[in-house]
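Reminder, nothing fancy here: chain letters follow the sequence lines and each chain counts from 1. Every heavy atom of this structure was used, including side-chain atoms; hydrogens, water molecules and symmetry mates were not.
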Amino acid sequence: MLFFSYFKELVGKEVTVELKNDLAITGVLHSVDQYLNIKLENTKVVNEAKYPHMLSVKNCFIRGSVVRYIQLPVDGVDVDILHDATRREARGG
Amino acid sequence: MAAAEEDNTVKEPLDLIRLSLDERIYVKLRGDRELRGKLHAYDQHLNMVLGDVEESVTLVEIDDETYEEIVRVDKRTIPFLFVRGDGVILVSPPLRTS
Amino acid sequence: MSRSGPQSLPGTSSLAEDLDKKLLVVLRDGRKIVGILRSFDQFANVVLEAAIERIIVGEVYCDIPLGLYIIRGENVVLIGEIDLQKEELPANFKRVGVAEIREAQKAEQDASELKSSMMKRMNEFLDFD
């Protein structure tokens with residue numbers, strides 16, 4: 001549940017989600033669930049010319065399983081808190 | 001269990017990753033991708049958050065005229081990155097280089 | 001289940017908000033399906049009404065009617081809400097018929113196959129040498 005909790009803290013921040021099919025979308029994190037499915041608002045496709053079908057899409061749901069990376073805001077969460085939460089998770093899981 | 005005792009025991013593979021927290025690690029991913037960065041968080045799926053990441057992508061391109069294979073490595077840096085665990089092939093603990 | 005709040009359903013980060021809206025579903029094989037979301041579950045299995053497949057090749061496209069579609073969640077890449085105020089495709093894109101789009105698709109596929117077969121032959125030639 002570590003990353004589920006972590007992403008919940010980032011709701012409202014801008015992230016860039018890079019998918020396994022190379023599509024990259026920047027948007028404001030709207031919601032996340034325990035599978036790490038995410039919803040983005042006010043989205044913009046990074047390489048728009050290659051993906052004309054995404055032109056009118058401004059809000060989208062991304063299935064967690066197709067995510068490769070999520071580029072995060074640097075000021076999102078204190079890294080010390082992240083380290084502690086990871087150690088707690090390692091102990092519990 | 002006392003925290004000091006538990007911190008140094010290695011009973012299972014993921015304990016080695018725990019010892020790499022806040023250290024720079026090397027991660028090999030599917031799709032000829034490699035990452036080097038500081039490990040800030042991970043879970044049992046090997047989902048991770050890395051800081052000051054350098055990503056290298058190895059591409060094989062074909063010359064349009066000679067059909068020769070050209071191997072190219074694209075590099076980029078990302079300040080703060082979540083990596084989904086299902087793409088991870090291997091994790092190597094603290095780098096001696098970099 | 002579908003009318004309850006987003007928090008009541010485990011998983012599927014609030015697709016409830018998108019019910020009865022016109023959506024674009026991108027599948028893992030690259031296909032693009034447009035339709036009205038009528039139902040979903042925690043796996044992101046979705047039911048689309050009045051679905052069409054939108055095939056785009058270069059700057060031509062074609063919408064092929066599919067009817068009522070149930071899409072298995074594991075094949076879903078993303079589900080995008082279509083902003084009805086915006087153009088769905090760039091203005092210079094030209095709508096063509098089914099036969100024409102199939103031909104364009106085939107030409108595109110043949111071109112990429114030619115490249116990979118030439119590459120394979122070249123590699124065999126170099127190995128032999």
Side-chain angles (χ1 to χ4, degrees), chain A residues 1 3-71, chain C residues 5-19 21-34 37 40 42-46 52-61 63 71-93:
Chain A
M1 296 301 261
F3 290 102
F4 175 39
S5 308
Y6 176 58
F7 282 115
K8 277 198 285 191
E9 294 291 317
L10 295 178
V11 165
K13 297 234 158 84
E14 187 168 90
V15 297
T16 298
V17 181
E18 191 176 315
L19 309 185
K20 287 175 181 144
N21 65 7
D22 294 334
L23 175 65
I25 305 170
T26 300
V28 175
L29 187 62
H30 168 273
S31 57
V32 60
D33 64 26
Q34 71 270 42
Y35 302 116
L36 306 186
N37 296 322
I38 50 185
K39 274 191 103 174
L40 295 182
E41 283 185 333
N42 205 359
T43 56
K44 193 166 169 59
V45 171
V46 173
N47 184 355
E48 276 181 310
K50 202 182 156 192
Y51 304 98
H53 58 281
M54 295 294 290
L55 199 65
S56 63
V57 173
K58 285 291 157 259
N59 301 315
C60 78
F61 166 92
I62 298 166
R63 202 170 191 267
S65 60
V66 305
V67 170
R68 178 189 292 137
Y69 303 136
I70 303 176
Q71 297 181 37
Chain C
Q7 295 311 316
S8 66
L9 194 73
T12 316
S13 169
S14 58
L15 271 175
E17 296 168 16
D18 294 326
L19 280 166
K21 287 186 180 156
K22 188 177 179 185
L23 303 176
L24 165 74
V25 181
V26 178
L27 305 181
R28 281 197 303 181
D29 65 0
R31 276 192 283 184
K32 298 163 265 298
I33 313 289
V34 177
L37 183 68
F40 67 92
Q42 69 270 38
F43 306 110
N45 293 320
V46 293
I52 54 132
E53 179 181 354
R54 177 160 294 156
I55 303 174
I56 305 172
V57 181
E59 292 183 358
V60 299
Y61 74 99
D63 289 345
I71 299 170
R72 187 172 158 87
E74 66 172 312
N75 295 304
V76 171
V77 170
L78 68 83
I79 301 177
E81 188 186 325
I82 291 178
D83 186 338
L84 299 172
Q85 309 304 313
K86 291 201 156 63
E87 292 301 320
E88 289 184 27
L89 289 170
N92 59 320
F93 277 42

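- Annotation: maximal heavy-atom pairing with chain C below 4.5 Å, among A:Val57, A:Val67, A:Ile25, A:Leu40, occurs at A:Val57.
- Residue-level contacts of residues 4-18 of chain A with chain C do not occur; threshold 4.5 Å between heavy atoms.
- Residue with the most contacts toward chain A among C:Glu81, C:Lys86, C:Glu74: C:Glu81 (heavy-atom pairs, distance under 4.5 Å).
- Only the side chain of C:Phe93 comes within less than 4.5 Å of a heavy atom of chain A; its backbone N, CA, C and O stay farther away.
- Closest of all the heavy-atom pairs between C:Gly80 and A:Cys60 is CA-CB, 3.6 Å.
- Residues satisfying the ring-ring contact (aromatic ring centres under 6.0 Å, His included) criterion with A:Phe3, sequence neighbours excluded, are B:Phe82.
- Within the 4.5 angstrom heavy-atom criterion, only side-chain atoms of A:Leu19, from C-beta onward, approach chain C.
- Between atom OG of residue A:Ser56 and atom CG of residue C:Leu24 there is a gap of 7.5 Å, rounded to the nearest 0.5 Å.
- Contact annotation for C:Ile56: only side-chain heavy atoms (C-beta onward) come within less than 4.5 Å of a heavy atom of chain A.
- Taking the side chain as every heavy atom from C-beta outward, C:Glu17 and A:Asn59 never approach each other to under 4.5 Å.
- Contact check for C:Leu15 versus A:Asn37: no side-chain heavy atoms found under the 4.5 Å cut-off.
- The residue among A:Lys58, A:His53, A:Met54, A:Arg63 with the most heavy atom pairs within less than 4.5 Å of chain C is A:Arg63.
- When the options A:Leu23, A:Asn21, A:Val66 are evaluated for a side chain to side chain contact (heavy atoms under 4.5 Å, CB included) with C:Leu78, the one that passes is A:Leu23.
- With a 4.5 angstrom heavy-atom cutoff, C:Val25 does not touch chain A via any of its atoms.
- Taking a 6.0 Å sphere around NZ of A:Lys20, one finds it holds more than 12 heavy atoms contributed by other residues, nucleotides or ligands.
- Closest non-hydrogen pair, C:Asp18 versus A:Lys39, comes out as OD2-NZ, 3.2 Å.
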